Student: 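Here it is: the structure, laid out below.
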Amino acid sequence: MSKKIFSGVQPTGNLHLGNYLGAIKNFVDLNNDNQNECIFCVVDLHAITVKQDKDQLKNNIRETTATFIASGIDPSKSIIFNQSKVHAHAEGSWILSCMAPMGWLNRMTQFKEKAGKDKEKASVGLYIYPILMASDILLYDATHVPVGEDQKQHLELTRDIAHKFNKDFDCVDFLRVPEPLIKKDFSRIMSLKDGLKKMSKSDPSDLSRINLTDTKDEIINKIKKAKTDSFSLPNEEHKLKDRPEAENLLGIYSSVLNQTLDKTLEEFGGKNFSDLKSQLAEVLSSKISPISDEIKKLINDKNYLDKVLAEGANKAEEIAGKKIKEMKKIIGF
Ligand code: TYM
C-alpha cells in the first residue's frame with residue numbers, strides 16, 4: 001500500500017545517533033520505497049520555542065538539510081523543505097490551538113521535561129509546540145509518521161485533535177488520522193554516559209552522544225569512554241534487565257547493522273564490554289563517517305541546499321495551501 005509520509009527534525013544543531021537511528025535512517029528506507037510519497041521538514045518554527053542565535057539558526061537549517069541528503073534522502077524523490085517557508089503551518093497551528101483543550105496539553109511529558117522546574121519562564125510556544133506538530137502532519141493528510149519513541153505522546157495528541165476537529169465541524173475524515181511509525185526495538189537511543197537518560201542534543205557532555213558530524217577518531221574515543229557495568233555480556237534478552245548501558249550499546253550495534261538483538265546477543269554473549277566496544281566503534285565509524293564527510297561537503301554548497309529547500313517549499317505550499325483553504329472554509333471564514 002502506498003503511504004503518505006511526513007516527519008520533521010528540529011534544526012538545533014548537534015544532530016546525533018539517536019536522531020539517525022530513531023528517525024532519519026527510517027526516513028531513508030521510506031524514501032527508497034518507490035510506493036511512498038515522502039515529505040521531510042526542517043522544523044525551524046519548532047526550533048524557536050527556545051532562544052536561538054539567528055546566524056546559527058540559519059546554518060543549522062542548512063546543516064539539517066545536508067544531513068537528510070547525506071544520509072540518503074533523495075530530494076528528487078522526497079520533498080525536503082523548511083517549515084517557516086510555508087505559511088499554512090502557523091495558520092493551521094492557530095486554528096487547532098482553538099480546538100484543543102488545555103487539559104490535553106497539560107499531560108505532555110516533554111513540555112514538563114523541557115520547561116524544567118521554572119515553568120513560568122518557558123515560552124508559550126514551547127507549551128503549544130505539539131499543536132504545531134499536529135498542524136504539520138494534518139496539513140499533508142499524512143498516513144504514517146516515522147519518529148523516535150519520545151514523540152509517541154505528541155502523535156497521540158495529533159490523532160485526538162484530528163478526531164475532535166472532524167467531530168466538532170461535522171466533517172468526517174476531513175483531517176486524516178495518522179499512524180505513528182515507531183520501530184519496536186531501538187527507537188530510544190540512550191546517552192553513552194548514562195543508560196537511563198535519552199541521547200540528546202542538549203546534554204552538556206559531548207561524550208554522551210555520537211554527533212553525525214563526528215570524525216572517526218571522535219567516534220572511537222566516545223565509544224571507548226562509554227559507561228559500562230562490571231559484568232560480562234549476557235546471551236539472553238531477559239538478562240539485560242537492570243543493565244541499561246549493556247542494553248543500549250548492544251541495541252546500537254544491532255540497529256546499525258540491521259540485525260536482531262538476539263543475533264547480537266549470540267555474537268557477544270559471555271564476552272567482555274571491550275570486545276563489544278571495539279566492534280561497535282568499527283561498525284559505527286564505517287556507517288557514520290561517510291555521512292559526516294558528505295555533510296561537511298554539502299554544507300559548503302549553500303546555493304544547492306537553498307535550492308533544494310526552495311523547490312521543496314513550492315511543492316509543500318501547493319499541498320498545504322489547498323488544505324488550509326478548505327479548513328478555513330469548514331470553520332466559516
Ligand atoms: P527532534 O528534532 O527532537 O528529533 C528528531 C527525531 O529524532 C528522534 N530522536 C530520537 N530517537 C531515538 N533516540 C533518541 N535518543 C532520539 N532523540 C531524538 C525524535 O523522536 C524525532 O523523530 N517535535 C519533533 C519534530 C517534529 C515532527 C513534526 C516530527 C515537528 N513536527 C511532525 C514528526 C512529524 C522533534 O522535536 O523532534
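Atoms within each ligand, like the ligands themselves, are counted from 1 in listed order. All heavy atoms count here, side chains included; hydrogens, waters and symmetry mates do not. Values in this document were obtained by computation on a predicted structure and should not be read as measured data.
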Student: List every atom of ligand 1 that sits less than 4.0 Å from any heavy atom of G22, numbering the atoms from 1 in the order shown and giving each element.
Tutor: 11 (N), 12 (C)
Student: Examine A23 against ligand 1 and note whether any of their N/O atoms are separated by less than 3.5 Å.
Tutor: no
Student: Is a donor from one side chain sitting under 3.5 angstrom from an acceptor on the other, for D74 and N31?
Tutor: no
Student: Tell me whether S187 contacts the main-chain N or O of K183 through its side chain, where contact means a donor paired with an acceptor under 3.5 Å.
Tutor: yes
Student: Which atoms of ligand 1 are found less than 4.0 Å from any heavy atom of I137?
Tutor: 32 (C), 34 (C)
Student: Give the atom numbers and elements of ligand 1 that come within less than 4.0 Å of a heavy atom of F6.
Tutor: 32 (C), 34 (C)
Student: Among all the protein's non-hydrogen atoms, which is closest to atom 22 (O) of ligand 1, and how far away is it?
Tutor: G148 N, 3.1 Å
Student: Considering distance alone, does some N or O of I189 sit under 3.5 Å from an N or O of ligand 1?
Tutor: yes
Student: For atom 37 (O) of ligand 1, grab the closest protein heavy atom and report residue, atom and distance to one decimal in Å.
Tutor: Q151 NE2, 3.7 Å
Student: Donor-acceptor pair, distance only, cut-off 3.5 Å: does the side chain of S135 make one with the backbone of I131?
Tutor: no
Student: Which atoms of ligand 1 have any heavy atom of K201 under 4.0 Å away?
Tutor: 2 (O)
Student: For the CG atom of L207 and the NZ atom of K224, what is their distance to the nearest 0.5 Å?
Tutor: 12.5 Å
Student: How far is atom 28 (C) of ligand 1 from its nearest protein heavy atom, and which residue and atom name does that atom have?
Tutor: M133 CG, 3.4 Å
Student: Are a donor atom and an acceptor atom from the side chains of H16 and N19 found within less than 3.5 Å of each other?
Tutor: yes
Student: To check your reading of the model: name the closest protein heavy atom to atom 11 (N) of ligand 1, its residue, and the distance in Å.
Tutor: G18 O, 3.2 Å
Student: Using a strict threshold of under 4.0 Å (side-chain N to carboxylate O), is an ion pair present between D203 and R209?
Tutor: no
Student: Could you tell me whether T12 approaches ligand 1 through its side chain, its backbone, both or neither, with non-hydrogen atoms closer than 4.0 Å?
Tutor: neither
Student: Taking the six-membered ring for Trp and the single ring otherwise, decide whether the centroids of Y140 and H89 are under 6.0 Å apart.
Tutor: yes
Student: Would you find a donor on one side and an acceptor on the other, under 3.5 Å apart, between the side chain of E245 and the backbone of G195?
Tutor: yes
Student: Let me confirm one number: the CZ-CG distance from F40 to N82, rounded to the nearest 0.5 Å.
Tutor: 16.0 Å
Student: Using a 3.5 Å cut-off on N or O atoms only, is G8 in polar contact with ligand 1?
Tutor: no
Student: Have a look at ligand 1 and work out which part of V147, if any, has a heavy atom under 4.0 Å from it: side chain, backbone, both or neither.
Tutor: both
Student: Find all atoms of ligand 1 within a distance of less than 4.0 Å from any non-hydrogen atom belonging to V145, and give their numbers and elements.
Tutor: 33 (C), 34 (C)
Student: Do the side-chain N and O atoms of K25 and N258 include a donor-acceptor pair separated by under 3.5 angstrom?
Tutor: yes
Student: Considering the heavy atoms of R188, write down every atom of ligand 1 situated less than 4.0 Å from one of them.
Tutor: 12 (C), 13 (N)
Student: State which residue, out of N314, V308, V42, I39, fulfils the side chain to side chain contact (heavy atoms under 4.5 Å, CB included) condition with F81.
Tutor: I39
Student: Strictly distance-based, threshold 3.5 Å: is any side-chain N or O of N36 a donor or acceptor partner for the main-chain N or O of C38?
Tutor: no
Student: For atom 30 (C) of ligand 1, grab the closest protein heavy atom and report residue, atom and distance to one decimal in Å.
Tutor: H46 CE1, 3.3 Å
Student: Are any of the heavy atoms in H154 under 4.0 Å away from ligand 1?
Tutor: no
Student: Any atoms of ligand 1 less than 4.0 Å from a non-hydrogen atom of S7? List them with their elements.
Tutor: 29 (C), 33 (C), 34 (C)
Student: For ligand 1, which atoms sit closer than 4.0 Å to a heavy atom of Q10?
Tutor: 2 (O), 35 (C), 36 (O)
Student: Should the proximity of L21 to ligand 1, defined as any heavy atom under 4.0 Å, be assigned to the side chain, the backbone, both, or neither?
Tutor: neither
Student: Can you tell me the protein heavy atom closest to atom 12 (C) of ligand 1 and the distance?
Tutor: S187 O, 3.1 Å
Student: Taking the basic N atoms (NZ, or NE/NH1/NH2) and the acidic carboxylate oxygens, is any pair closer than 4.0 Å for E318 and K322?
Tutor: no
Student: Which bit of H16 gets closer than 4.0 Å to ligand 1, counting heavy atoms only: side chain, backbone, both or neither?
Tutor: side chain
Student: Tell me whether Q110 at atom CD has more than 12 heavy atoms from other residues, nucleotides or ligands lying less than 6.0 Å away.
Tutor: yes
Student: Quick one, T49 with K114, criterion side-chain contact (heavy atoms from CB on, under 4.5 Å). Give me CA distance, side-chain angles, the key distance, then yes/no.
Tutor: CA-CA 10 Å; T49 55; K114 286 198 174 172; over 6 Å; no
Student: Tell me the protein heavy atom at minimum distance from atom 20 (O) of ligand 1, and give that distance in Å.
Tutor: D150 OD1, 2.4 Å
Student: Any Lys/Arg nitrogen of K302 or D306 sitting under 4.0 Å from an Asp/Glu carboxylate oxygen of the other?
Tutor: no
Student: Do ligand 1 and D136 have nitrogen or oxygen atoms that lie under 3.5 Å from each other?
Tutor: yes
Student: Against ligand 1, does Q83 come closer than 4.0 Å with any heavy atom?
Tutor: no
Student: For Y129, state whether at least one heavy atom is located under 4.0 Å from any atom of ligand 1.
Tutor: yes
Student: Given N19, I252, L17, which one has a non-hydrogen atom that is nearest to atom 7 (O) of ligand 1?
Tutor: N19
